[in-house]
S.K.: 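Before I ask anything, let me first share the structure, which is written out below as structure tokens.
We count residues from 1, following the sequence as given.
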Amino acid sequence: MISNNELKNFSIAELLRLHVGIGEQLRSRGIVRGENIPTGDLAEYLFCHSYAWKQAKNSEKAFDAKDCEGKRYQIKGRRMHQRTPSRQLSAIRDLGGFDTLAAVLFDHEYRVLRAALIPNEVVRNRCRYAKHDNKWNFILTDDVWDEKGVRDVTKVLERTWNQLCVMD
């Protein structure tokens with residue numbers, strides 16, 4: 001494994017090529033689906049594999065997965081870091097397009113910190129609309145876990161994460 005200290009010796013071009021290669025490997029292993037940072041794709045992977053949900057197509061705007069009963073899930077992840085401690089999840093465009101928000105907070109190395117299944121009603125009550133961006137903002141603060149109907153699924157996602165870490 002390459003340490004952070006060893007990475008200091010790489011040129012910018014070498015770091016970018018390494019980044020691209022890592023992205024390709026994560027795609028080929030089915031962990032990520034897009035070209036962006038892996039946070040959202042990793043969150044989708046962990047939830048879908050933990051609960052046997054079927055992922056929606058990338059073009060689906062209102063939800064990311066469905067369960068065997070047809071319940072729709074919007075899946076969001078946030079990577080926490082000392083430089084970016086915000087817990088604001090990525091934009092929610094359609095509050096009516098999902099039944100449950102499946103949300104996970106990762107630490108800076110993508111380990112699961114906390115995860116929850118949050119009913120749409122709770123999301124609606126806690127979201128703030130940003131007119132200039134035409135989006136809804138949801139901040140995954142610790143008190144969300146105290147809301148009625150919210151399920152703490154941290155242990156479930158941790159198990160899937162731990163299985164993923166030993167996969168090859």
Side-chain angles (χ1 to χ4, degrees), residues 19 22-24 26-81 83-161 164:
H19 176 75
I22 290 168
E24 289 299 321
L26 289 171
R27 261 184 298 290
S28 72
R29 296 176 191 203
I31 305 302
V32 300
R33 301 192 299 169
E35 298 294 325
N36 299 324
I37 60 170
T39 307
D41 283 342
L42 179 58
E44 286 186 30
Y45 180 92
L46 290 175
F47 275 107
C48 289
H49 278 74
S50 294
Y51 291 99
W53 297 340
K54 182 174 172 36
Q55 276 186 300
K57 294 181 179 177
N58 272 344
S59 59
E60 181 60 58
K61 299 291 183 215
F63 64 94
D64 297 307
K66 281 187 178 181
D67 66 16
C68 63
E69 297 173 354
K71 191 172 184 181
R72 300 163 301 160
Y73 296 88
Q74 177 70 248
I75 303 171
K76 300 288 183 184
R78 178 71 186 205
R79 179 176 169 254
M80 305 295 295
H81 197 280
R83 288 188 303 270
T84 55
S86 171
R87 289 179 167 209
Q88 182 173 306
L89 302 179
S90 61
I92 298 174
R93 300 285 177 197
D94 181 1
L95 283 178
F98 62 94
D99 303 300
T100 301
L101 174 63
V104 58
L105 295 173
F106 296 107
D107 73 6
H108 69 286
E109 292 182 340
Y110 290 103
R111 291 177 298 233
V112 175
L113 289 174
R114 292 195 84 180
L117 296 177
I118 307 164
N120 185 287
E121 182 181 342
V122 172
V123 175
R124 286 176 183 269
N125 290 337
R126 296 179 70 100
C127 269
R128 298 290 174 254
Y129 184 66
K131 186 176 181 177
H132 65 282
D133 290 329
N134 189 31
K135 68 179 182 180
W136 292 92
N137 292 320
F138 185 85
I139 301 174
L140 190 57
T141 54
D142 284 334
D143 62 334
V144 169
W145 277 263
D146 298 329
E147 292 273 359
K148 183 179 179 182
V150 172
R151 285 182 38 210
D152 187 333
V153 295
T154 305
K155 297 291 184 207
V156 175
L157 262 62
E158 283 176 339
R159 262 192 308 277
T160 304
W161 169 251
L164 180 65

S.K.: Starting at CG of D152, measure out to OG1 of T154 and round the result to the nearest 0.5 Å.
M.R.: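 Going from the CG atom of D152 to the OG1 atom of T154 covers 3.5 Å.
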S.K.: Side chain of R124, backbone of P119: donor and acceptor closer than 3.5 Å?
M.R.: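 No; judged by distance alone, with no hydrogens or angles, the pair does not exist.
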S.K.: Could you work out, with side-chain hydrogen bond (donor to acceptor under 3.5 Å, both in side chains) as the rule, every residue matching Y51, not counting sequence neighbours?
M.R.: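 Testing Y51 for side-chain hydrogen bond (donor to acceptor under 3.5 Å, both in side chains), a comparison that skips the adjacent residues, returns none.
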S.K.: Under the 3.5 angstrom rule, does the side chain of N120 hit a backbone N or O of L95 as a donor-acceptor pair?
M.R.: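 Yes; at least one donor-acceptor contact below 3.5 Å.
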S.K.: Excluding sequence neighbours, so at least two apart, what forms ring-ring contact (aromatic ring centres under 6.0 Å, His included) with F47?
M.R.: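 Per chain and number, F47 pairs via ring-ring contact (aromatic ring centres under 6.0 Å, His included) with W53.
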S.K.: Of all the heavy-atom pairs spanning G70 and D99, show the shortest one and how long it is.
M.R.: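 It is O-OD2, 4.4 Å.
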S.K.: Residues in salt bridge (Lys or Arg N to Asp or Glu O under 4.0 Å) with R126, at least two apart?
M.R.: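 For R126 the salt bridge (Lys or Arg N to Asp or Glu O under 4.0 Å) partners, ignoring immediate neighbours, are D143, E147.
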S.K.: Counting N and O atoms only, with roles assigned by atom type, does the side chain of K76 sit under 3.5 Å from a partner on the main chain of A91, one being a donor and the other an acceptor?
M.R.: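 Yes, K76 side chain to A91 backbone: donor-acceptor pair under 3.5 Å.
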S.K.: How long is the straight-line distance from OG of S90 back to CZ of R78, given to the nearest 0.5 Å?
M.R.: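 The distance works out to 9.0 Å.
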S.K.: Sub-3.5 Å donor-acceptor pair from the side chain of Q74 to the main-chain atoms of A62, do we have one?
M.R.: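 Checked: pair present.
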S.K.: Run the side-chain contact (heavy atoms from CB on, under 4.5 Å) test on L26 and D41 for me, step by step, so that the C-alpha distance in whole Å, both residues' side-chain angles and the decisive distance to 0.1 Å come before the verdict.
M.R.: CA-CA 10 Å; L26 289 171; D41 283 342; over 6 Å; no
S.K.: Working to the nearest 0.5 angstrom, can you tell me the gap between R128 CZ and N137 CG?
M.R.: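 Rounded to the nearest 0.5 Å, the CZ-CG separation comes to 10.0 Å.
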S.K.: Apply the test side-chain contact (heavy atoms from CB on, under 4.5 Å) to residues D94 and K61: give CA-CA distance (whole Å), side-chain angles for both, the deciding distance (0.1 Å), then the verdict.
M.R.: CA-CA 8 Å; D94 181 1; K61 299 291 183 215; over 6 Å; no
S.K.: Quick one: pull up CD1 in I75 and CG in L42 and give me the separation to the nearest 0.5 Å.
M.R.: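 Interatomic distance, I75 CD1 to L42 CG, rounded to 0.5 Å: 11.0 Å.
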S.K.: Apply side-chain contact (heavy atoms from CB on, under 4.5 Å) to E121 and list each qualifying residue two or more places apart in sequence or on a separate chain.
M.R.: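 Only N125 meet the side-chain contact (heavy atoms from CB on, under 4.5 Å) criterion with E121.
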S.K.: Return the CD1 to CG distance between I31 and L164, rounded to the nearest 0.5 Å.
M.R.: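 Interatomic distance, I31 CD1 to L164 CG, rounded to 0.5 Å: 4.5 Å.
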S.K.: If you look at every heavy atom in V104 and A43, which pair is closest and at what distance?
M.R.: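 Here V104 and A43 meet closest at CG1-CB, 3.6 Å.
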S.K.: Could you pull out the closest heavy-atom pair between A103 and I118, with the gap in Å?
M.R.: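 Heavy atoms only, the tightest pair is CB-CD1, 4.2 Å.
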S.K.: For Q55 and C48, which heavy atoms make the closest approach, and how far apart are they?
M.R.: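 Minimum heavy-atom contact is CG-SG, 3.3 Å.
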S.K.: Quick one: ring-ring contact (aromatic ring centres under 6.0 Å, His included) pairs with a partner in residues 129-149, sequence neighbours left out?
M.R.: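 Every pair satisfying ring-ring contact (aromatic ring centres under 6.0 Å, His included) with a residue in residues 129-149: Y129-W136.
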S.K.: State the CZ-CD distance between R29 and E24, to the nearest 0.5 angstrom.
M.R.: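 Going from CZ on R29 over to CD on E24, the span is 12.5 Å.
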S.K.: Side-chain donor-acceptor pairs under 3.5 Å in residues 108-117, sequence neighbours left out?
M.R.:
{"unit_1": "E109", "atom_1": "OE1", "unit_2": "R111", "atom_2": "NH1", "d": "2.8"}
{"unit_1": "E109", "atom_1": "OE1", "unit_2": "R111", "atom_2": "NH2", "d": "3.3"}
{"unit_1": "Y110", "atom_1": "OH", "unit_2": "T39", "atom_2": "OG1", "d": "3.4"}
{"unit_1": "R111", "atom_1": "NE", "unit_2": "D107", "atom_2": "OD2", "d": "2.7"}
{"unit_1": "R111", "atom_1": "NH2", "unit_2": "D107", "atom_2": "OD2", "d": "2.8"}
{"unit_1": "R114", "atom_1": "NH1", "unit_2": "D142", "atom_2": "OD1", "d": "3.0"}

